[in-house]
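See structure below.
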Amino acid sequence: MKTALFSLAAVAMATLVSPAAADVAGDWHVAGKVGTFAFTLTCSFKPEGARLGGVCVDGSTNNPKIASGRRHPITAGSVDGNTVNWTYQSNFLLTKFDVTYRGVQAGDRMSGAFRVQGHDGAFTATRR
């Protein structure tokens, strides 16, 4: 009986959404730059228990070889206070790589840094 109650409590706790994660939920317009490569994305954040899920969709870039509209499911994400982290996988030509973001949210704005293939860049985001 105790095991069943413990299991039920664990499931209930796992499905709770933290207030910070709930505050990040929704669509965000992200603009970033690494070196001379500039891009935009729309990231739709969805709290999933203690983690942050969702999808980011490519917008425009200054590289004609990268099409807009590509979808990138978030593979890892979290919210700790006003710090938001998320990662998705992308590719260019035949190379797959992770893109990892770390930002600070202040209301309907966010800014921070990201890392891709050993390169660091900066981004800003605005809630849509």
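Note that the numbering runs from 1 along the sequence shown for the chain. For clarity, every value in this text was computed on a predicted model and none was experimentally measured.
In this structure, CE in M110 is found 4.0 Å from CH2 in W28, a value given to the nearest 0.5 Å. Between the CG atom of D23 and the CZ atom of R127 there is a distance of 5.5 Å, given to the nearest 0.5 Å. In this structure, CG in D98 is found 5.5 Å from OG1 in T75, a value given to the nearest 0.5 Å.
Heavy-atom minimum distance, A125 versus V30: CB-CG2, 3.9 Å. Nearest approach of G107 to Q105, heavy atoms of both residues: O-NE2, 3.0 Å. Residues P47 and L52 come closest through the heavy atom pair N-CD1, 4.1 Å.
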Run D27 and S44 through side chain to side chain donor-acceptor pair (under 3.5 Å) and show every step you take.
CA-CA 4 Å; D27 294 341; S44 298; 2.5 Å; yes
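Grouping the Ile, Leu, Val, Met, Phe, Trp and Tyr side chains by contacts below 4.5 angstrom, directly or via other members, places V104 apart from V79. V24 and V55 are members of different hydrophobic clusters when ILVMFWY side chains are connected at heavy-atom separations under 4.5 Å.
The backbone N or O of H119 lies less than 3.5 Å from no partner atom in the side chain of Q117, so there is not a single donor-acceptor pair.
Using a 4.0 Å cut-off between a side-chain N of Lys or Arg and a carboxylate O of Asp or Glu, R70 and D58 qualify as a salt bridge.
Between the side chains of R51 and S78, no donor-acceptor pair is found at a separation under 3.5 Å. If you check the side chains of T87 and T100, you find a donor sitting under 3.5 Å from an acceptor.
In this structure, the ring of F39 has its center no less than 6.0 angstrom from the ring center of F123.
Tested against H72 for a ring-ring contact (aromatic ring centres under 6.0 Å, His included), the candidates Y101, F97, W86, Y88 yield a single pass: Y88.
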